[in-house]
Amino acid sequence: MSTVFEKIINREIPAYIVYEDELVIAFLDISQVTPGHTLVVPIAPYENIYEMPDDLLAHAVKITKKISIACKKAFDADGIYVLSNNGEAAGQTVFHFHFHVLPRYINDDVSLKFVNHMNDVTKDEFKKRALMIKEALL
Ligand code: AMP
């Protein structure tokens, strides 16, 4: 089943497109979590980052950088979040890979919160977790 992003790419539904080339498209996120909130989306409908071919991902990152700089300039943003939700548990709602470029402003109402658990994790546990990732990389 085609996602809402494919419908935008195919011009079946409207969007505020700010950039397009042969591989990616960027358009305003309808939710405008902050002013200028933009999505960078590969034209090919890969579901998530795990499936993205490396060269396409590299191009999407390059364009995400361009859009980030443009948003910072256009909206005089104080910072930029670059986010990608992969999987329902991570908050993904449209299953066509994308980067959010989310301008941040001092005193904006964005509430993504990283709780620091550093004091609950022993050195052994840090070592174990690092090893788990290193082994998974093999
Ligand atoms: P995610 O939750 O990371 O999968 O992000 C999907 C994003 O797509 C959400 O932030 C939605 O607001 C956005 N979205 C859904 N429908 C549209 C649409 N028709 N035009 C622009 N953005 C959309």
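Read the numbers this way: they start at 1 and go in the same order the structure lists the ligands and their atoms. Small disclaimer: the values here were computed from a predicted structure and weren't measured.
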### Message
Please determine whether residues Ile17 and Leu23 belong to a single hydrophobic cluster, defined as Ile, Leu, Val, Met, Phe, Trp and Tyr linked transitively by side-chain heavy-atom distances below 4.5 Å.
### Response
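Looking at the clustering, Leu23 is in a separate group from Ile17.
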
### Query
Are Ile8 and Val24 connected in a single hydrophobic cluster, I mean Ile/Leu/Val/Met/Phe/Trp/Tyr linked by side-chain heavy atoms less than 4.5 Å apart?
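Shared cluster, no.
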
### Query
Under 3.5 Å, is there a donor-acceptor pair between the side chain of Asp29 and the main chain of His37?
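Not a single qualifying donor-acceptor pair exists.
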
### Query
Do the charged groups of Arg11 and Glu20 touch, with an N to O distance under 4.0 Å?
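Looking at Glu20 together with Arg11, the answer is yes, because their closest N to O distance falls below 4.0 Å.
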
### Message
Could you check whether Phe95 and Phe97 have their ring centres less than 6.0 Å apart?
### Response
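Between Phe97 and Phe95, the centre distance exceeds or equals 6.0 Å.
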
### Task
Below 4.0 Å from any atom of ligand 1, which residues have a heavy atom? Give them in chain and number order, please.
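Within 4.0 Å of ligand 1, protein side: Val4, Phe5, Ile8, Phe27, Leu28, Asp29, Ile30, Ser31, Leu39, Asn85, Gly91, Gln92, Thr93, Val94, His98, His100.
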
Would you give me the side-chain donor-acceptor pairs under 3.5 Å for residues 42-54, sequence neighbours excluded?
residue, atom, partner, partner atom, Å
Asn48, OD1, Tyr50, N, 3.2
Asn48, OD1, Glu51, N, 3.3
Glu51, OE1, Glu47, N, 3.3

